[in-house]
Structures are given as C-alpha cells and as structure tokens.
Amino acid sequence: MNTSSTLVAHEFPIEGMTCASCVVRVEKALKSVVGVASVDVNLATERATVNVAAGTSGAALIAAVDKAGYSVAAESFEFLIEGMTCASCVARVEKALKSVVGVQEAVVNLATERASVKAVGISAGALMAAVDKAGYRAVMFEDNPSRPVTASRGESLWPVLLAAALSLPLVLPMVGMLFGADWMIDGWWQLALATPVQFWLGARFYRAGWRAVRAGAGNMDLLVALGTSAGYGLSLYLLFKHAEHGTPHLYFEASAVIITLVLLGKWLESRAKRQTTAAIAALNALKPEVARVRTDGGDIDLPLARVKVNDLVVIRPGERVPVDGVVVEGASQVDESLITGEGLPVAKHEGDKVTGGAINAEGLLLVRTTAVGAESTLSRIVRMVESAQARKAPIQRIVDRVSAVFVPVVLVLAALTLLGWGVATGDWEQAILNAVAVLVIACPCALGLATPTAIMAGTGVAARHGILIKDAEALELAHRIDTVAFDKTGTLTEGRPTLVAATAALGHETHLLPWSAAIQAGSEHPLARAVMDAAKRAGVPLLSAAKVSAVAGRGMSAEVQGRVLRLGSPRYMQELGVDTAALREQANALQDDGRTVSWLADVTDRPQLVGLLAFGDAPKASALQAIERLRGMNVRSVMVTGDNLGSATAVASQLGVDHVEAEVLPADKAAIVNRLKDGERTVAMVGDGINDAPALASADVGIAMSTGTDVAMHAAGITLMRGDPALVADAIDISRRTYRKIRQNLFWAFAYNVIGIPLAAAGLLNPVVAGAAMALSSVSVVSNALLLRGWRR
C-alpha cells in the first residue's frame with residue numbers, strides 16, 4: 001500500500017451527477033483505476049477528490065469517469081506569475097503550462113503578469129509546479145477589489161537611486177575627458193563602487209537568468225547578466241594584470257551604468273504599466289465597503305459582504321450606491337458616468353434600476369437589492385475588462401513565434417561577434433565589448449509589452465466611455481469593420497412605442513382594443529406594453545384570455561370571450577387567409593409615415609378582420625449622428641428588422657441608413673449577417689434582444705446594448721453600457737487607434753533590434769549606449785500605448 005507521502009491529490013468537477021447512485025457509480029469507476037488510494041465524491045459540490053500514487057495518469061481518471069457515463073468539467077484558473085521580464089518568459093511559461101496533460105488552453109500576459117488556464121482534471125498545484133519547474137513562481141489569483149490588476153507591487157525606486165549614486169563617480173571621469181580633464185579614479189575604488197551594483201543591486205538578473213538556464217532557455221535577464229558580467233570580468237582581469245603599471249583603462253562604468261539603466265527602465269516600465277490599469281483601479285474604487293440596510297429595528301450599517309438580495313438599502317444624498325437594485329421609494333438624480341460614460345446625471349424614480357458605484361445626488365432613495373458581490377454590474381464590468389486585458393490579440397502570435405527563438409539567436413550572434421572580432425583583429429578586449437553590446441541591446445522586453453499594453457490602454461479608455469470589450473480579439477477585429485447591421489427597435493429607436501392609431505373593421509368598433517389588450521396582458525413585448533397603456537388610458541375593462549401563445553416572428557394567438565383570435569404581422573394575416581383589403585389603404589399610409597402596423601383577426605368560424613393597430617417609436621436622439629459618423633468613417637450601415645418594409649424604410653430614410661432588410665424573422669437574422677459578410681466584408685451586428693443573439697454571434701463583431709437582454713450581451717464581443725448607438729462609432733474608432741498603436745509598438749520593438757544588433761556587432765555601439773537604448777525601447781512602447789488614455793470622441 002502506498003504511504004501518504006507518495007500520494008498525489010487530484011480534485012475536479014464532475015458533470016452529469018443527479019443522485020446518490022451517481023456518486024456510487026463515479027466512485028466505483030475511479031477506484032477501478034490502478035494507483036488510486038482513496039476517492040471522495042461530493043454530490044452537493046459536484047466535485048471528486050482522488051488520492052493516487054505518484055505517476056498515475058490524470059487522463060486515466062478522466063477516462064474512467066467518461067466510461068461511467070459522466071464527464072470531468074473543464075475548470076478555469078487564474079495565476080499571478082512572478083519573475084517574467086520579457087516575451088521569451090511569456091513563451092516559456094505558456095509552454096510549461098501547455099505541457100501539463102489536461103490543459104486545453106493557457107494564455108500568459110506580460111503586462112498584467114497573469115496566466116489564464118483552462119484545464120480538465122488538473123489541480124492548481126500541478127499547474128503551479130509546472131510554472132515553478134520553468135523557473136518562475138505562480139500564485140493563485142484572488143478576486144480582491146483592493147488588489148491592483150498587475151501582479152507586480154511596483155518596482156522600488158531606491159535600487160535605481162543607489163545604483164545611480166554608485167555609478168556616478170565611474171561616469172564622471174568620462175565626462176571630464178570631454179573637457180580635457182583627467183578625473184580618473186583608482187582602479188580599486190572603481191572595483192569597490194561597481195561590485196555592489198553588479199552583484200547586489202544586479203542580483204535579480206543572475207537569479208532570473210539562472211532559473212532560465214535551469215529550464216533550458218533564455219530571457220532578458222540572462223542577456224543582461226552575461227553582458228555585464230563580461231564587462232565586469234574584463235575590467236577585473238585588466239586591473240590585476242596591469243596593477244603594477246598604474247591604472248589601465250577599465251570598463252567597470254559600462255557594467256554598472258548598464259545595470260542602472262536597466263533598473264531605471266524597469267521602474268519606468270512598471271510605473272507606466274500601473275497607469276494602463278487605471279480604468280480597473282477607478283472601477284474598483286467605486287465599490288463602497290458599507291451599506292445602510294433598513295430592518296424592522298431601524299436602519300443599520302452592514303459590511304457589503306453581508307447584504308443579501310431583496311434587502312432594502314437606504315442611500316442618502318451624496319452617497320455611492322452600494323448595490324444593484326430597484327428604487328421602491330424616493331426620487332433623485334444619479335451620476336453613472338464612471339459606469340456608463342453618460343456625462344449627465346440620470347433621473348431615478350420608483351421602479352427604476354440603479355447600479356452599484358453610481359453617486360446619488362440630492363434625493364433620498366430606498367432601493368431593493370437585486371444583485372450584490374460578484375453578480376453586481378460593477379463586478380461583472382471589472383471581470384470583463386480584466387478578461388479582455390488578459391487575453392491575447394491575434395497579432396500577438398507574430399511576437400510569440402519570434403520570441404521563441406529570439407534569445408538563442410542573440411546568444412549565437414554575440415558568440416559570433418566575439419570570435420569574429422577576436423580572430424580578425426586580435427583585439428579580444430574590443431571583441432568582448434562588442435559582444436557585450438550585442439547582448440545588452442537585444443532586449444525582448446519591448447516585444448513582449450508592445451501588444452498587451454496597447455490592449456490594456458485601449459480597453460481601459462473604452463470602459464471609461466461606457467464601452468466594454470469582452471476580449472482582445474474583438475478589439476482587434478473591430479478596426480476592420482466596414483459594415484454595421486443595426487436592429488431597429490430599441491437600438492436605433494427608443495424601444496418605447498406608443499399606440500398612435502386603432503382602427504376597427506366594420507362591426508368590430510367595441511372589440512378591437514379590449515380583445516387586443518386581453519391577448520397582450522401577460523406579454524413583456526414593447527408593443528404589448530403600448531397596447532396596455534392605451535387600454536388603461538381609455539378605461540377599457542381588462543378581459544381574461546385563454547390558450548395564449550406566441551407564434552415566433554409572427555404574433556400571438558388566444559381565445560377571448562369564446563372567440564379564437566390572432567394578432568400579428570401582415571405576413572401572419574396572409575398565412576391565415578385574412579382579407580385586409582378594407583383597411584389596407586390606411587395601413588399603407590401609416591407605414592409610409594414610419595408606423596408599425598399589427599392586425600387583429602377573428603378566426604373562430606372563418607378568418608375575418610377585426611382591425612389594425614399602429615405604433616410609433618421615435619428614433620433615438622443620437623441615431624442620426626451615429627449613422628453620419630459611421631459614413632464619415634467609410635462604414636456602411638444596414639437595418640435588419642422584423643418590421644414591415646414601409647415602416648423600416650421610413651425610419652431608415654429619416655436616419656440616412658444605407659440599406660434596409662425588413663420583415664426578417666428572428667431565425668433569419670443570422671443568415672442576413674452571413675450574407676452581408678460575403679465578399680470579404682467585416683460585419684458588426686448591433687442589437688439588444690434575445691432574438692438578436694444568433695445574429696450577434698454570427699457577426700465578426702457582436703455589439704450589444706446593455707439596456708437589452710443578458711442573452712444578447714453574452715453573445716456579443718462588445719457591450720455598450722448605455723443605449724446610445726453613437727457608441728458604435730466610438731468603439732470602432734478606439735479599436736482603430738489601438739490597432740495603430742499595436743503596429744507602431746511592434747515596429748519600434750523590432751526596429752530597436754534590427755538596427756541596434758548589427759550596429760553593436762559592427763563595433764559602432766558602446767555598451768552604455770546599448771543599455772540606454774534597451775531601457776528606452778521598453779519605456780517607449782509603454783508610453784506610446786499610454787497616449788490612448790487621452791482619447792476623446
């Protein structure tokens with residue numbers, strides 16, 4: 001029997017268990033695997049904990065569960081990765097994680113210093129061990145609102161200042177030589193000043209470089225450690241060799257200044273990276289820690305973690321709204337600018353929704369809690385932005401391929417430089433210096449930071465303006481959008497239609513509105529609410545309806561007062577064989593005015609027309625501007641709606657929409673989007689309803705209005721936090737600017753190396769200048785990305 005010291009624990013979720021017998025079957029299946037010592041399956045948590053002998057395959061456990069008729073669910077893990085310094089580190093950590101059996105996906109981000117892993121049947125411990133074996137350290141990511149999004153606590157400034165103070169006396173003699181002064185200090189003093197910089201302040205490069213060597217790879221730290229050690233070692237050799245003949249020309253200042261510059265570069269880079277996460281920090285800062293909850297004994301202050309759904313929360317003037325909820329008492333103006341990007345306060349009355357993090361202005365509000373903690377809108381926003389910042393853009397694949405071979409190639413080039421200069425000139429001292437310059441300037445930091453910092457800055461500025469980008473791929477794809485398909489109701493129009501006409505057929509004057517209201521009484525459709533509001537204003541008694549059902553894309557059916565009724569679109573009437581000729585002229589006139597027409601028919605004995613209902617839905621105030629801005633960006637606009645052609649064309653003409661697809665069934669919207677994509681077009685779909693979800697998923701980029709349904713938002717890559725169609729143009733503009741920054745950053749990152757390495761190999765680049773250029777490369781790409789934070793419409 002295996003002892004506990006040789007056992008390895010596996011814990012994973014099981015899908016498909018419904019009862020105690022399922023637990024028994026899963027346990028039996030797992031115990032049948034050779035090497036399993038103990039099994040504990042919990043039905044409540046739907047998880048299995050298995051202790052197995054070291055070396056037992058996790059794949060065997062998964063296969064056993066599958067054979068029993070169940071499945072091991074994939075789990076997502078988030079880790080903070082410590083010790084990464086460049087693109088090569090990212091590639092190595094990803095490779096280590098992907099080598100673990102059961103890992104389906106592993107994405108590592110240098111800018112956020114995080115790893116996102118999707119795996120089946122793998123414990124977090126096994127993944128962290130793989131990272132540790134690769135020479136880095138993984139820490140489980142905790143969703144802590146007070147925690148900055150980056151793993152780094154920020155580089156300390158004191159090592160930079162101390163390194164500069166120790167290096168300054170080494171550099172001053174070089175400055176003096178420019179003015180003809182001889183300030184050369186004794187070689188032993190140079191050794192005393194350079195040694196702590198090299199081996200104390202620069203120890204981080206040796207530690208990280210050694211970890212890379214142990215893992216059979218290389219990174220930026222290895223290049224810096226090798227380069228500065230070569231310069232330091234050459235100086236030490238010359239000092240001892242010529243000690244009896246005065247102070248020779250030494251290169252301690254080169255190694256010391258290079259380390260100082262790299263430390264300065266890392267500090268500036270860390271400071272700049274923290275600024276790219278400013279949007280997340282600002283959103284996290286919106287979360288109050290305490291809520292005032294109304295109880296039978298009075299109002300009490302409770303920590304936000306103890307507030308539950310349906311609790312009544314009191315929000316005084318000037319306070320932040322602590323929870324998502326619905327106003328049950330009071331009225332006020334609420335500032336939601338940091339959440340939705342809406343510049344002006346929004347009026348809130350009884351029945352209106354409020355979002356946690358907003359600021360209450362002058363009124364006292366009593367709010368019934370609908371969501372707290374991780375399910376709140378603010379928490380979901382933070383998760384979505386963090387997820388987008390942690391993911392890789394497709395263009396990053398180029399960098400990944402380059403970084404995989406970058407450091408080994410640089411080491412070979414440095415060796416060739418050393419041998420070439422040494423053999424050709426016999427001046428091995430200069431050969432070493434040229435090889436040092438090659439090692440130092442070839443820093444892959446800028447390559448690793450070029451894309452993620454731009455993505456972080458772009459998603460951050462988008463979030464501040466009410467645009468949530470779910471992943472980096474959506475952000476990158478959006479820059480290519482040349483066609484935008486809009487749903488009409490609730491997207492381009494207000495989505496609050498009113499009944500503007502109700503015309504009965506001969507003999508049905510008293511039936512039209514009461515029967516229509518009876519059919520629509522239980523519906524949440526905007527047109528149904530318009531009918532109910534009109535019936536209420538007219539004082540029409542509410543009749544009961546039986547056998548009420550919706551007919552997808554056509555209308556509704558029901559029985560009222562013993563009559564079998566059908567309410568819906570002209571297509572529905574045509575299919576039912578209802579003659580609408582008596583009111584067709586009036587219907588056409590209404591549709592030409594942009595009205596939506598529904599028909600009511602009695603099909604009890606034979607199909608006969610009862611009347612028509614006409615609805616008006618005003619375009620949103622910003623819809624015209626949105627279409628004009630898209631046209632100015634050379635983006636074609638299309639309206640895809642289930643509404644009749646006349647009404648859709650009228651609204652499209654009013655707004656200047658380029659093309660209309662009317663009378664489209666919900667199931668056909670996705671087919672329309674796919675047809676628009678023909679001809680190599682990049683199509684975005686903008687919608688807000690459940691019926692828009694398939695089209696949102698089919699589009700190259702789905703854009704959902706947060707004022708719509710959760711289903712639509714889940715299907716979309718971009719969510720607009722307020723129902724403003726002008727944000728569509730903003731999202732495309734931010735994407736274009738972000739992609740431009742990515743390309744600029746990659747150009748400069750490659751240019752530094754393409755230009756710098758040959759110059760260094762040719763002996764035209766001093767190691768100190770190489771060190772400055774290397775530090776500048778990382779700082780420049782991050783600073784360039786930060787320019788996105790100044791984006792304005």
Side-chain angles (χ1 to χ4, degrees), residues 486-517 519-520 523 525-535 537-538 540 551 553-556 565-603 607-621 623-624 627 637-665:
F486 290 94
D487 173 49
K488 181 173 82 74
T489 304
T491 302
L492 289 175
T493 64
E494 293 289 350
R496 293 190 295 271
T498 56
L499 185 66
V500 296
T503 305
L506 188 63
H508 289 288
E509 289 79 3
T510 60
H511 297 149
L512 177 59
L513 199 52
W515 284 358
S516 298
I519 296 172
Q520 306 261 39
S523 174
H525 193 280
L527 297 185
R529 289 197 293 269
V531 170
M532 297 307 297
D533 289 343
R537 287 195 303 271
V540 173
V551 183
R554 288 165 175 78
M556 299 187 71
L565 304 176
R566 301 289 186 268
L567 175 65
S569 65
R571 175 185 292 187
Y572 194 20
M573 297 299 110
Q574 186 177 357
E575 291 174 355
L576 293 170
V578 178
D579 183 6
T580 59
L583 299 177
R584 190 172 299 148
E585 185 176 339
Q586 186 172 350
N588 290 338
L590 288 166
Q591 290 175 351
D592 290 342
D593 288 337
R595 310 305 186 187
T596 299
V597 175
S598 291
W599 301 85
L600 179 65
D602 181 352
V603 296
Q608 57 178 310
L609 183 65
V610 176
L612 67 80
L613 304 172
F615 303 88
D617 187 12
K620 290 181 176 178
L624 178 60
I627 300 300
S637 57
V638 179
M639 181 190 291
V640 182
T641 178
D643 212 342
N644 63 76
L645 181 61
S647 176
T649 302
V651 174
S653 299
Q654 186 178 349
L655 298 179
V657 174
D658 296 316
H659 179 69
V660 175
E661 294 279 352
E663 300 178 14
V664 178
L665 294 175

Worksheet entry | Closest non-hydrogen atom pair between Pro619 and Glu494, with its separation | O-OE2, 4.2 Å

Practice prompt. Please report the shortest heavy-atom distance between Val597 and Ala587, naming the atom on each side.
Written response: CG2-O, 4.1 Å

Discussion item. Can a donor-acceptor pair be found, under 3.5 Å and without considering hydrogens, that links the side chain of Ser598 to the backbone of Leu613?
Written reply: no

Practice prompt. For Glu575, check side-chain contact (heavy atoms from CB on, under 4.5 Å) against everything at least two apart and list the hits.
Written response: Arg554, Arg571, Tyr572

Worksheet item: Heavy atoms, side chains only, cut-off 4.5 Å: are Thr641 and Val651 in contact?
Response: no

Worksheet item: Who pairs with Glu509 by salt bridge (charged side-chain N to carboxylate O under 4.0 Å, His left out), at least two apart in sequence or on another chain?
Response: none

Worksheet, complete the sentence: Tightest non-hydrogen contact, residues Met532 and Ala517, listed as SD-O, 3.3 Å

Worksheet item: Does Asp658 reach the main-chain N or O of Ser637 with its side chain, forming a donor-acceptor pair under 3.5 Å?
Response: yes

Worksheet entry | From NE2 (His508) to CG (Leu609), nearest 0.5 Å | 7.5 Å

Item to complete: Assess whether side chain to side chain contact (heavy atoms under 4.5 Å, CB included) is satisfied between Thr503 and Leu590, documenting all intermediate values.
Response: CA-CA 11 Å; Thr503 305; Leu590 288 166; 5.6 Å; no

Practice prompt. Indicate the atoms forming the closest heavy-atom contact of Gly577 with Pro607, along with that distance.
Written response: O-CB, 3.9 Å

Fill in: Within-4.5 Å side-chain heavy-atom neighbours: Val531 and Leu567
no

Worksheet item: CE of Met556 to CG of Leu527: how many Å apart, nearest 0.5 Å?
Response: 11.5 Å

Practice prompt. Please round to the nearest 0.5 Å and tell me the distance separating atom CG of Asp579 and atom CD of Gln608.
Written response: 11.0 Å

Worksheet, complete the sentence: Distance col, row Met639:CE vs Leu492:CG, nearest 0.5 angstrom, shows 5.0 Å

Practice prompt. Might you point out which heavy atoms bring Ser516 and Leu600 nearest each other, and give the distance in Å?
Written response: OG-CD2, 3.6 Å

Fill in: CD on Gln654 to OG1 on Thr649, rounded to 0.5 Å
12.5 Å

Practice prompt. Might you point out which heavy atoms bring Val578 and Ala601 nearest each other, and give the distance in Å?
Written response: CG2-CB, 3.6 Å

Worksheet item: So how far is it from Thr498 OG1 to Asp617 CG, rounded to the nearest 0.5 Å?
Response: 8.0 Å

Discussion item. Any non-hydrogen side-chain atom of Thr596 less than 4.5 Å from a side-chain atom of Lys488?
Written reply: yes

Worksheet item: Is any side-chain heavy atom of Trp599 less than 4.5 Å from a side-chain heavy atom of Thr580?
Response: yes

